[in-house]
Amino acid sequence: MLVDTHSHVQMRQFDADREAVLAAAFANGVAQLVVPGVDVASSRSALALAVAHPGRVFAAVGTHPHDASTLDADALQAERELAREPGIVAIGEIGLDFYRNLSPPEVQRDALVTQLALARETQLPVILHNRESHAEMIALLRAHGQGVRGVFHCFIGDQQMARDALDLGYWLSFAGPLTYPRNTALAEVAAWAPLDRLLVETDSPYLTPQPFRGKRNEPRHVALTAQRLAELRGLSFEEVAQATTRNAAAVFRLPDPLAGG
Ligand SMILES: [Zn+2]
Ligand SMILES: [Zn+2]
């Protein structure tokens with residue numbers, strides 16, 4: 001039993017077969033999913049999926065760094081109202097992306113700081129997107145993230161970057177890149193980091209694990225990343241599944257999937 005802690009199944013790439021994709025995930029050992037928003041509209045559609053699949057699908061509300069320019073006062077108020085809905089378990093995804101800079105860096109910083117404050121206000125964890133922005137992310141969390149914790153989603157950094165995140169009380173979530181060859185620094189982090197601070201995710205429809213790389217990703221493939229994590233740590237798949245599922249429940253305060261619903 002696994003939790004896919006980051007899956008954009010609300011996106012248009014799943015419009016033709018969304019329910020079938022979810023059914024395949026549930027039939028293949030994915031007990032629960034967290035569906036993050038990237039703007040207000042996609043946060044709303046994530047919530048709609050959570051409402052349609054109570055106990056199985058949970059949503060996060062947030063504005064992605066790519067879309068940071070859209071986070072005006074109205075959008076922030078909409079996020080604040082959405083965050084109160086049952087089924088919303090986090091503020092996300094939020095963060096910094098200085099690789100693509102689809103919103104200007106200073107706009108990304110403002111949106112992150114604003115949404116960290118929203119997380120504090122709503123007592124929800126955050127889902128952080130962090131690309132080519134590590135030093136600035138850590139500095140911003142130190143300055144503006146007091147009382148907030150959460151997940152570094154799709155963690156692809158080295159051991160020092162992992163240590164920075166862990167020291168701030170954050171969890172690390174591994175996605176498909178853990179299965180890619182030649183990613184030795186990441187493999188070292190996965191083998192070394194404390195097991196009680198690790199999560200797995202797909203980031204569907206992106207970052208498809210081996211051997212399906214190049215195709216659309218979907219939640220059931222989270223097992224491939226969990227399998228790789230187990231290999232790297234010398235553990236059984238079942239041990240990694242249990243640990244990461246327990247961790248996901250702790251971060252997002254998910255109900256026990258065996259309790260029904
Ligand atoms: Zn992301
Ligand atoms: Zn994402």
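Both counts, for ligands and for their atoms, begin at 1 and track the order of listing. No experiment lies behind these values; they were computed from the predicted model shown. Throughout, numbering of the chain's residues begins at 1 and tracks the sequence.
- The atom name of the N/O/S atom in D203 closest to the Zn ion (ligand 2) is OD1.
- The ND1 atom of H129, the Zn ion (ligand 1) and the NE2 atom of H153 define an angle of 120° (nearest 10 degrees).
- For the Zn ion (ligand 1), the nearest N, O or S atom contributed by E93 is named OE1.
- Side chain to side chain, H64 and D39 fail the donor-acceptor criterion of an N or O pair below 3.5 Å.
- Side-chain contact of E239 with S236: a donor-acceptor pair under 3.5 Å is present, judged by distance alone.
- Using modelled atom types, one finds no donor on one side chain facing an acceptor on the other under 3.5 Å when comparing H53 with Q32.
- Residue H129 comes nearest to P65 through the heavy atom pair CD2-CG, 3.8 Å, listed as atom of the first residue, atom of the second, then distance.
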